[in-house]
Structure formats: C-alpha cells, structure tokens
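Okay, so here's the structure we're looking at.
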Amino acid sequence: MASSSAGPGTGQATSTAPGGNGNIDASNHASSSTGPSTKGPRNPQLGNEPWFAYPTPTPEQIEDELPPYFEGENAPLGPLLNRLVRKGYGDLRYLLAEVLPPLSAKQKPKHIINYATTTRQALLKYLAVLRWKAAVDVRSSSAAASSSSSVNHASNQINGPNGNFNNFPTPHSNGDDTSPASVSSNNKGKGKAIIGSGDNEDVLVKGKVTDSRRLAQFMEHQNRQHDDAVVHLQHVTKLVESLRERNPDLLTAIALLTTGTYNRLPTSITEPFIPKPPLTNSAILKLLKRLNRHIKYRLRCTEYIPPELVVEGIEDGQVYFTGGGENGWRIRMTIVGFGVESKWWLTGVEWRWRHREKGVDDPGGESDATKAGKIFTGEERQSILDLANLEILPPRDTIQEDIQAKEVSQGTGQKTQGDQVGTAVAVAPDGAPIQKVPVDGAGPEAIKDQVVDAPLVRIYNFIQHLSLSYQLEILFTQAMSLSVGKWRNQLRVEIDRETKTLKVKYWIRPRPAVIAQQQQAAVGKRPPPAASAGAARSPLVGGILSISLNEANVSQNEADSFIADIASGGLTPSERVLSLRLGLRWEVGELGAGGGLRVGDVMDGGVLQIDPASLDMETLILTSARAHAAHLTRVQASSLVSSPKFILSLLNQPTLQETEDPDSSCPLTLRIPLPSRLNVSSLLIGVSAYSGYVEIEDDGSIGNEARANRVELATKSINDGKTRLVDDIGRLTVAIVMENLEDQMRQLGWKPIRRLALRSQDLAKVQLHPATTILIPVLSSPAYYFVTKVTQSGLAFEMLKVIKVPSESGMGIGMKSAVDDRVPLDLERLRSREKGKEVEATLNTSPFEIGNKDLKNLFIYSNALVAQTIIENQLKERNIPFTAQYPSAIQSSSGASSTRSTSALAGMVPTICVDVRDLLRDGKRGAAVDVAMPKVGMQIENWWTGGRCEVTTIVRLQQQSSMAQTPTTSRDTSTNSSQAHSEDISFDPASSIVKFRAKDIERCVPAFLEQWERLSKVIVVAGEVNRLNKYAEFSDIKMLSFDLRTATLSYAKEYKASITYVPVDDSYQVLLSKTSAQSSSSPSISTTNLEDNNPHERLSSLLSARLTELASTPLLDVPKGAVGREFFGLLKNTLPFFQQVNPLKGRGWELIILDIRTYRIFKDYKGRRYALDVILIPALSHYLIQSSSKPKGPDRRPDIEITGPITELPLKQIVPQIFDALKPTIPSSSSAAPAHGIGIGIPPLIRLDRNQSLMCRVDMIESVLSELVDRVDDHIGIKRDQEGSA
C-alpha cells in the first residue's frame, strides 16, 4: 500500500496486487545465491546440480517451521469435570428422594450399589483422560521466545516484503509464486507466535499430542501447496503449447550479431525491465509544482465542482476536498498524467465524524488540536482506493450515451421539435444508472459543448455514501452492544445492508400464545384463514427506530440555483449530486399504542437527531424511549385520575413529576399521596423507558416487607395484563389505608379482624370484603361489630349485627351466620358536636384519615348504640312502645339529669322513655302501676368507658317520702344502704327515685320487671303511707325508713311497724315494736326491750297474713286505697285495745286473740271463768263488746273449745250502768265523727242486743274496758272479798 501513496506512477501497477505479492528482490537474491553453499552438508534428497545445493535445515529451523500450538486450542477438561460432578449430585438426590423411600430395606442396597458403580466408572474414565493428558503434554513458555528469534533470522532469507511465511523454499519461490502464505500475520490463530509481543503471548504446549497436531497441520499445508504447484504447471503447459517460434529473418540476425540484442521490441515490453534513473530533489519539487498548477487549472477551467464539495487547498501535488458538513469527511486527490487523457486519482480518505467514548484517532473521541479525523491505513484504505480509482474516477464517454438517448427519444416520437431537451445519465457510486439529467439543445454538438464528465460528482457521491454507510455500521455496532448490555432483552436490532436500513425495536415482549378456539363451521361457509406462523412468532414491540441511508428531498430555492449556475460556468454535469443522508423514522409499535397513538403511526422525530460529531445510538434510543414512556405515563395518569374507581383525596391531589436524570428509569412519574397520620408517603407510578413496563413504587414500604410485596405483585399483575392499573392502584391505596387503620386501632388497645364467619358469596352480597373492611367486636354484645369500610369517597363507619339463621345442607338442617341490622354512623355529626369547634375545621383533614379521638368516640358511640338497640329490641319483643329522648345542651352541661361524661357523645346517647302502664301492664297487681310516675327512663351507663355497658332503669315514685323529716339512726341507714346496693338497686328518699342497675344489658327489661315485681310489694306500702299521711285520720302514720325491702313506719306515737316482703313465699312480714325518746337518764335502751314492751307485737303474725292476703287478692271492685286504709286501719285501731292489755293483765285478765279483729279476755275467780269478747267491727271504727258465751256462727253454738266452760256475766245489768256512766263524757261534736269514712252515722257509744252488748268508738275502748272491768269485779265479789280481808 506504500506504492499507492507514492504517486500515480506505481499506483497502476500495484492495483492488481495490493500490498505487494510476496516477491523476492532480484538484487538481493542474486547476491545471496551466486553459487551453492559448501559450508554445510548437501541435502541427500536433491541432485548434484548447483541450483539444488541447499543446506540441510537444523532442528531449530524445523521447530520454527512447524506452526505453534497454544494451550487455548486444547479442549478444556474443566466443563467435563463440572458436568460429571453435577450428574453425580443429581443422581444422588434423585436416588435419596425418589427411588429409595418407597423401597424395602432389602431392595435399597441394590440401587445404592448401582449408583456407586456407575459414578465410580465415570470418575475413573475422567481420571484416565486426565493422567494421560498430564503425561503426554507439558506446558512451556520459552518456546515462543525461541521461535520468534529464529523466525527473525529465517525471515531474512525466505520471507517476502509483506512478512509472509513460505516454509521451505521451492524452485518456484523465486518471485513468481502466487500461492498463499502458510501462516498469515493477521493477529489470529497461530500467527500470534510471529507478530505477538512477549507480554501478551499465549502459553505454548509441547508434547506428543501437540507435536502430532503441528505435524498434521504442516503436512496439510504442504499438500495444498503441492496441489497449487501442479495446477500452475498445467496452466503453463497450456500456454507453452500455444506459443510459436518466430521465423528467422536477415535484419534480426544482423542486429543480434552486431549489437548482441534485439532493438525492435515494443516499448511496453522493454520499459518494465529497463531501470529508470532516480529522481532528484529538484525534479521532485518541479514535478509537484507542475501537478499543483495542473490541478488548479483543472479545477478552475475544465472540471465541474459540485457545490457540496469544498476545496480546502492544493499542496504537494494533491488537492484536499471536504464534504458532508463540518463533521463529514476529507479526501486527498491528485492527477495522473498531464495530457488530455489525464485522470483523477484518490490518494487518501479521512473521516471527521466522531464515535462517542472513543480515543483521539477513533470516531467519538476527544480530537487533538489539529482536529484530525480517522485516517484509513492498510488493506481497508487500499480497498477504498482501488474501488474509487478503478471504477469511480475513470472518465466516462457521456456524449455517445446522450446521443443514443436522443435518437431513442426521436425514434419513439416523444421529441419532434428542434429545441428538444437531451438527457444525461447520472451514475451512482456502483455504476448503475440512476436518473437522466435534462440537457439543453437537441443535437450532438450542443451536447458536446455543454455536457461534461463529472468525476468529482461521482467521487462526492461515493465518499458520502461510504461515510454514511460507515456511520450506519457504527450505530449498528452500538445497538448490538446495548442489546446485550444495559438493554438486554429489550432491544431487537435488525440491519438490511442491501437497502442500507437499520431497525432498532425497543420494549420487546414475547407475543402471547393464541389459543385456537373451537368454532362450529356453518354450512356453506369457508372457515376464516389462520394467521401466518411468522406473525404469530414475532414479538411485540413498543417502538421502532428506522435509520436508513436515502436521498433527501431538498428543494433548491432560486437564489441557490442562480449561484450554482454561475459557479458551474454553464456546464452541465453528466451526473447529479445525490443529497444522501441518514434518515430517521420513529414508528409506534403494538406496546406503544395509546393516547391517540395507533400502531404504525409515525411520531415526531424532531427531538431525535443523528449528530455526526458524536454518534451515539444509546442517546437516540434513550431519548425516544423516554419521550415515549412519558407520553404513556400521561395517558395512564389521565385514565387513572379520570376513572370513577380512582380514590381521590380532597387535600392530596396527584401530581406529575418530570425528571431529567438519565439514570432514572421513569422520565415522568405520577405521584399519588397516600393517607398517613405520621409519615408522608406516596405511590410513584411511571412507565419505564428501558422496558416499557409500568413501574409502581411505594416510598413508604421501606422496612415493611408485606407492603413491598403487595406493590411488587400489583406491578407484575398489571404488566402481565391480568388486572387494570386503576384497580390495582385502588387496591394498593385501600390496603395502605387499612394497614394504617389497623395500626391505629391496635394502638388504642383493640383487636381488629378482617373477616366474619360468613361464606365468601355472602360477604360479597353484603359488601363486606376483607380487603376493605375492618371489624371490631363490640363489648356490649358479641353479636355486634363496629365496622370501618374504605370507600371511594373516604372512610365509612357502621354498626353491624350478626344472627344465626337455619340452613339446609347435605348433612341436614343446621345454623349459619347471616347479617341482620346495619346502622351507619355519621362522623360529621359527631364532629359537629365537638365543644368549641366548628364543622368547617374538619375539612382540613383527609377523608381517609381519622384522629384517635374521633375513632374512639365512634367506637364508644357504636357501643352505646348497641346497648340502645338491645334495649329497644327487648321492648319491641314485648310490644312496649317507647321514645328516645336526647338530652339538651343545657341538660348535658348541668342539672340532675346530666350525663356523667363531658364527651361530645353526651347528647347522642338517648334515654329510653317508656310509659309505666305499658311497661307494667303484665304485673300481678295494678296497684304497683299507680305507685310510679307515668314515665320510666332507661339510661345507658358506662358507655363512655368503651367497655361493657350497663342499663339503669329509673322509676320515680308518685308520692313524696315523709321520711326526710324523720331522721333514722346510723345503724338503720348503714343497714339499708348495704341492702340496697347488694342487688344494684338504689333509692333516693329526697327525690323518691328508685334506680335499677342491670349489668346484663341483654336482660335488662325482664330483670327490671322481676325486680319491680318484687320491690313493688314494699313500694306500694311506702306509697300508701305517703298518700294516707295526707289524711287527718292517718296523719300520725309516717315513714321512718325505706330501703326497697323493708318499710319502717310510725303508726302511733312511740310505735312503729316494719313491713318486709319475703319473695320466697310471696308474703309480707310485719314486725311491730315500740320506740321511746331517748333521754339522758337512760341513754341506751335496747331495741329488744322496746319491742317486748309493745303489746301490739302479739298481733304481728296476723297482720302479716292479712297484708299478704290483701296484696294477693285482686281489688278490681275496691276503691283506690282501700287496701291501705284497711291494713293501716287495723294497725292503728287495734292499738288502743292492745294498749289496755297490760293494765288488764295486772287486774287478772288474760288475752286470747281469736282473730285479727276478735279478742277474748277472761278471768278465773273462785273456780269460775268469766270471759268477754272484744271485736273490732269491719268498719274499723268501733269495738263490739259482748259475752263470750253468746252463740256465734251459722250453727249458733257457743265457742267453748278455746276457753272451756264460761260463767255467764249479767251484762244486761252491767251494760246500762256503763252506758249511763260514760254517756255524759262523750262530746256532742264527736257523735257524728266517722272513723275513716265507712262507719258514718254510728254513735260513739251504743247498746246492742237488748243491753247485752256494748259498742264503743275506738278511742273510747280504754274508758269502756276500765268501767266494764270494774263492774265485772263488783259483780263477782272481788271488791267485797278485798274489803273483807282488809
């Protein structure tokens, strides 16, 4: 290739054999081979001719002749060992896991032995190969150095100028041999031993195997040379046969005899053999100056220079042209010859475009100060020069072609006028006609004057085409590197070198398999054609970048056209300038469609520019992919935000964030803030520029593996096409909200659950999906749950009840759970009741977030609501109407009826109000209804704690208690208090309020009814006392104490009665006692002594029985208060008689109680028994005194079984005496005073039964009995006996 740059004189000769042909220099050969060498022994295989007297080669020369064998050419045994070990391990695992477990103990040894034998045999074979290899081959590193030194010595004798190795010399190696070299120095294979440096050489291997391989390769090469020599001899033989000996003539003989040579040979034969005198320096400079002038003349006068070709300068017999822009190319050209037939000759090519991230002399590197581009050398340069000098630049006869084209046009009749336009054929760099250029004029003379050959146009088109082709290959190489590197499995690179088109497809995905559906073909119809197999196998792509070398359609304006005509001097070139360029086309693939882009649409490639100053395929791909990914991200964001399923927060709106960081996979991301009470987190959604897949990132998933796994699964599901983006984003958002809520609930001490004991289809029907629902069991009842749901609009809360319903299955009829009542909970209503806050203040929070206080208040409210619902259900089951009364703002802040909590829920928990007649209508006695006020309130207690609620039923008695004015002893108070709280029943005497507390809220109503039924027995008594106390005849009856079990009352001065209800036998127990004012003289008087001094105590059992009888007997026809009047009348009106019992007893009279209103007093004197009956009439206003011997009852028989025989008293005499004695003492106004409304008109004292009986008013019983006893004593002679004894 040095000959091609030395000048045009030798370029023609070397074009046929570029780079030299391996010939030996004749002078050197002649000097070195004038005679045979006699220093060494002759070769015994050759004859005695001096031309065959070659020395016998030494062993070192033979070693150097053999091709080297390197260690890298051996077959490695490492993979064989790896495979052997893996196979043994795999067989062992299969043996232990699959073969041995099902076998018995006797069968297992057989398989173990088989495995061991097989593995051992394989290992022995490998060891045999390894030992044999180690024995026959020895690694050596000194062979390369010795071989290189000997090669340098041998190259002086047998190597050509190009360094080719010809092995042993043969008779045909004198310079005429054209056979290929045995070892080529192209830095590959065995040539490394010759041209490689010592630092980078491979390790040589010596041994029997390697020597055999080297000998075999040497002999194969020798055989090929022998075959080539035989073929060459056959060719020469054919040529010699065609030669003929010249006939002898006189002139030739004379010339040979006189001059010794033949002088009439053609110059073309003799010129190559005649040595030319060397040029001097002055001749060389003169020749170069002449070339410069000739080149300048050609450029200015005869040559057509295209405007795109810029002349940089003329120097040293060469002209320098540039083209293709600032970063295009640069060429050197000269002219061969100085005559008319002189032609242009290309001498050098240089690229000025750059390849990114390369060195100074490579495209893309940082250029030096001279801005030198890539200069071609070697075979690559020579091939370009040969193509240009031999095919492109030679002159072309364009006149004859134009004349033929003119004649063809005239023969076809297309051009008939004299001013027809001729055409000139434009030729491409490969010589094929491209376009005919119109030429003015019709005849050959006109064509000859205007149309000129344009070799510079052809070379411009050729170099421009070659430069762009090189750039296309560079881009192809970069794309291939990316496809196996950063963009692995995401790029598909295709190049068509015929059409000069490079296609780079990004975002590669396998096409999903199409499952052929079985279709029933209709009669008479042809089935649709199946898709081609190639289309089915072609992968899906996101976009296609097509870079093609084509001609640009650039329209030239009038100014440029006018300047070009002036510059051309009126010449018309035979070829036109091709406006070649690297065109870029960006198409949309199947994966990149969306948002108005369809498959096959051409996108705007304005942002994509191929910069010759820095050819970078990665930038083109990344720019297009990032723009495409950003567009798809906007499409996804638009569809996501506009979807009704997307969860939008009022305060946190999604935003699009763009990044210019090339390391970021997503150029545009949609940031969706997530509801969070503590850490601010968000979802980042974008389309990856490297893969085209949707990428979802949760910046709050750091340290939360479950949350990161959810995002990963959602991303995979979306990219696989199984789910939609809006659905998965909604699920992720809901999952994060649910996770926050669960953590918040656990912090409050609750135990949230996600699923009820229901079937999946039942949960779907009631919209209680575990992914969006959190349930908290309500402590008031296990059947109720506090439900938190995540909806599209925010958090929703409700109260849920689960019931058991019958279910039929294959096992029979059973029970299953079902959803019953669902009550929504209004959070805004709760917030509006916050003290000191407004409703608008809650708008600053996210609808998917709730504070701990609001959440706890909702749970507390739901717990209270459950208690309210349970109470209402119990009332509904009994058909008891009720109303819910909510406390007002004033009552909730102060007052007796205020709640115990200061929470905002105080006014949201009602009191259940029930009419007392509806609530107690099923009681045994209607009198209990009259005791209470018309309304009964049922208040929910302990709801503010969030725990199990209790119910307090409040009953206010109609009658105000009078015990407030009568202080009770501390002993009674403490006793009563302990009894009242023992059954969670309390009584406030000041307000007459009875409270029944029920801990079991589900039985609060029946428990109250049972307690009320029991306590109403005593409450009725207390009510009657308070009611009758208002009447004058009962004004001395006052309530002393009341503890809902025992009513202690004072029915007379210093006399009290304790009435207790015994629920065991549904009876009353009346205890009578006597109290006296404690004085300082007797500070302590025992209660027992006081009770014993009460003579009325003997009537306690009868009074208890009578009260029980009255309470159990319906009094439908009895006026209101008749029972109380009768009992308290008995209690009050029997006291005057029993007050006389002790005085009578002191006078010898004894008492027998026959009935609660019938008493018998008797006295024994001198063997006789005298008796009188004192009877309290039913009206309870008068006592009837009569003889005990008087017949009674229906049979009119005297009652003598109790007292025995009774001596009759002369009552006819005694009664008138008493009547006459007491009548003056009776006030006149008291004669008409009734006792208690029944004995109206009965005189205070009256004689009956013809003066045999006496009836007196209750308050006169003391005087009547005293007078009667005196008269009886006088009659029986007691006074006489006493006087006589005195």
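If you check the side chains of Thr723 and Ser717, you find a donor sitting under 3.5 Å from an acceptor. Looking at Thr715 and Glu695, their side chains never bring a donor and an acceptor atom within 3.5 Å of each other. Between the side chains of Asn852 and Gln747, not a single donor N or O lies within less than 3.5 Å of an accepting N or O. Side chains of Asn704 and Glu739: a donor-acceptor N/O pair is present below 3.5 angstrom, by distance only. Looking at Asn550 and Ser548, their side chains do bring a donor and an acceptor atom within 3.5 Å of each other. Counted by atom type alone, Asp699 and Ser682 present one or more donor-acceptor pairs between their side chains at under 3.5 Å.
Remark: Gln471 engages Ser467 in a side-chain hydrogen bond (donor to acceptor under 3.5 Å, both in side chains) (not counting sequence neighbours). In this view, Glu590 and Arg511 satisfy the salt bridge (Lys or Arg N to Asp or Glu O under 4.0 Å) rule, not counting sequence neighbours. Under the rule for a salt bridge (Lys or Arg N to Asp or Glu O under 4.0 Å), the partners of Glu742 that lie at least two apart in sequence or sit in another chain are Arg754. Residues that satisfy the side chain to side chain contact (heavy atoms under 4.5 Å, CB included) test with Leu713, not counting sequence neighbours, are absent from this structure. Scanning for salt bridge (Lys or Arg N to Asp or Glu O under 4.0 Å) contacts around Glu587 gives Arg585, with sequence neighbours left out. Qualifying salt bridge (Lys or Arg N to Asp or Glu O under 4.0 Å) partners for Glu658, counting only residues two or more places apart in sequence or in other chains: none. Annotation: ring-ring contact (aromatic ring centres under 6.0 Å, His included) contacts of Tyr690 (sequence neighbours excluded): Trp487. Applying the side chain to side chain contact (heavy atoms under 4.5 Å, CB included) rule to Thr669 yields the partners Gln657, Cys666; only residues at least two apart in sequence or on another chain are considered. Every residue two or more places apart in sequence or in another chain was checked for a side-chain hydrogen bond (donor to acceptor under 3.5 Å, both in side chains) with Gln767, and none qualifies.
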Check the pair Arg492, Val541 against side-chain contact (heavy atoms from CB on, under 4.5 Å), reporting the backbone distance first and the verdict last. CA-CA 9 Å; Arg492 186 171 184 177; Val541 299; 5.8 Å; no

Take Leu608 and Leu545, measure what side-chain contact (heavy atoms from CB on, under 4.5 Å) needs, and give me the verdict at the end. CA-CA 10 Å; Leu608 303 178; Leu545 291 179; 3.8 Å; yes

Candidate pair Leu741 and Leu795, rule side-chain contact (heavy atoms from CB on, under 4.5 Å), full reasoning: CA-CA 10 Å; Leu741 285 175; Leu795 299 179; 3.7 Å; yes

For Leu855 and Gln744, run side-chain contact (heavy atoms from CB on, under 4.5 Å): C-alpha distance rounded to whole Å, both residues' side-chain angles, the deciding distance at 0.1 Å, then the answer. CA-CA 9 Å; Leu855 185 61; Gln744 189 175 356; 4.0 Å; yes

What verdict does the side-chain hydrogen bond (donor to acceptor under 3.5 Å, both in side chains) test give for Thr499 and Thr501, after you've listed the backbone C-alpha separation in whole Å, the side-chain angles of each residue and the deciding distance to 0.1 Å? CA-CA 6 Å; Thr499 60; Thr501 302; 3.3 Å; yes

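Residues Val493 and Leu502 meet the side-chain proximity criterion, which asks for heavy atoms closer than 4.5 Å. Taking the side chain as every heavy atom from C-beta outward, Lys486 and Glu618 approach each other to under 4.5 Å. Met603 places a side-chain heavy atom less than 4.5 Å from the side chain of Leu597. Lys503 is not listed as a side-chain neighbour of Ile495, based on a closest heavy-atom distance of 4.5 Å or more. In this structure, the side chains of Val734 and Phe848 stay at 4.5 Å or more apart for every pair of heavy atoms. Here the side chains of Ile547 and Leu620 are in contact, with some heavy-atom distance below 4.5 Å. Side-chain contact between Pro510 and Pro539 is absent, with no heavy-atom pair separated by less than 4.5 Å. Considering only heavy atoms from C-beta on, Ile696 comes within 4.5 Å of Ile729 through its side chain.
Residues Val504 and Ala479 approach most closely at CG2-CB, 4.1 Å, considering heavy atoms.
Arg488 contributes no side-chain N or O that, together with a main-chain N or O of Ser483, makes up a donor-acceptor pair within less than 3.5 Å. Judged purely by atom type and a 3.5 angstrom limit, Ser383 uses its side chain to pair as donor or acceptor with the backbone of Glu380. Looking only at distances, no side-chain donor or acceptor of Arg598 sits under 3.5 Å from a matching main-chain atom of Val588. Judged by distance alone, with hydrogens and angles left aside, the side-chain atoms of Ser664 form no donor-acceptor pair with the main-chain N or O of Pro667 at under 3.5 Å. A donor-acceptor contact shorter than 3.5 Å is absent between the side chain of Thr773 and the backbone of Pro770. Using a distance-only test at 3.5 Å, with no hydrogens or angles considered, a donor-acceptor pair links the side chain of His628 to the main chain of Gly592.
The existence of a salt bridge linking Glu705 and Arg707 is excluded, since no basic side-chain nitrogen approaches an acidic carboxylate oxygen closer than 4.0 Å. Between Asp720 and Lys716, at least one side-chain N (NZ, or NE/NH1/NH2) sits under 4.0 Å from a carboxylate O, which counts as a salt bridge. Note on Glu326 versus Arg354: no salt bridge recorded, every NZ/NE/NH1/NH2 to OD/OE distance being 4.0 Å or above. A salt bridge between Arg330 and Glu350 is present, with a side-chain N of the basic residue lying under 4.0 Å from a carboxylate O of the acidic one.
Residue pairs that meet the salt bridge (Lys or Arg N to Asp or Glu O under 4.0 Å) test with at least one member in residues 721-734, sequence neighbours left out, are Lys645-Asp727, Arg724-Asp727, Asp728-Arg731. Annotation: salt bridge (Lys or Arg N to Asp or Glu O under 4.0 Å) contacts involving residues 680-693, sequence neighbours excluded, are absent. For residues 623-636, no pair satisfies salt bridge (Lys or Arg N to Asp or Glu O under 4.0 Å), with sequence neighbours left out.
Within a 6.0 Å sphere centred on CD of Glu712, other residues, nucleotides and ligands contribute 12 heavy atoms or fewer.
The CG atom of Leu578 sits 5.0 Å away from the CD atom of Glu551 when rounded to the nearest 0.5 Å. One finds the CG atom of Leu615 at 7.5 Å from the CG atom of Asp611 (value rounded to the nearest 0.5 Å). Atom CD in Gln490 sits 7.5 Å away from atom CZ in Arg509 (nearest 0.5 Å). Of the inter-residue distances, the one linking Tyr693 atom OH with Asn719 atom CG reads 6.5 Å to the nearest 0.5 angstrom. Rounding to the nearest 0.5 Å places CG of Leu768 at 10.5 Å from CZ of Arg755. To the nearest 0.5 Å, atoms CG (Leu670) and CG (Leu656) are separated by 5.5 Å.
Within the cation-pi definition used here (under 6.0 Å to the ring centroid, within 45° of the axis), Arg332 does not qualify as a partner of Phe321.
Exactly one residue among Ile459, Ile384, Thr322 makes a side chain to side chain contact (heavy atoms under 4.5 Å, CB included) with Ile331. That residue is Ile459.
Below 30°, between 30° and 60°, or above 60°: for Tyr460 and Trp329 the angle between ring planes is between 30° and 60°, a tilted geometry.
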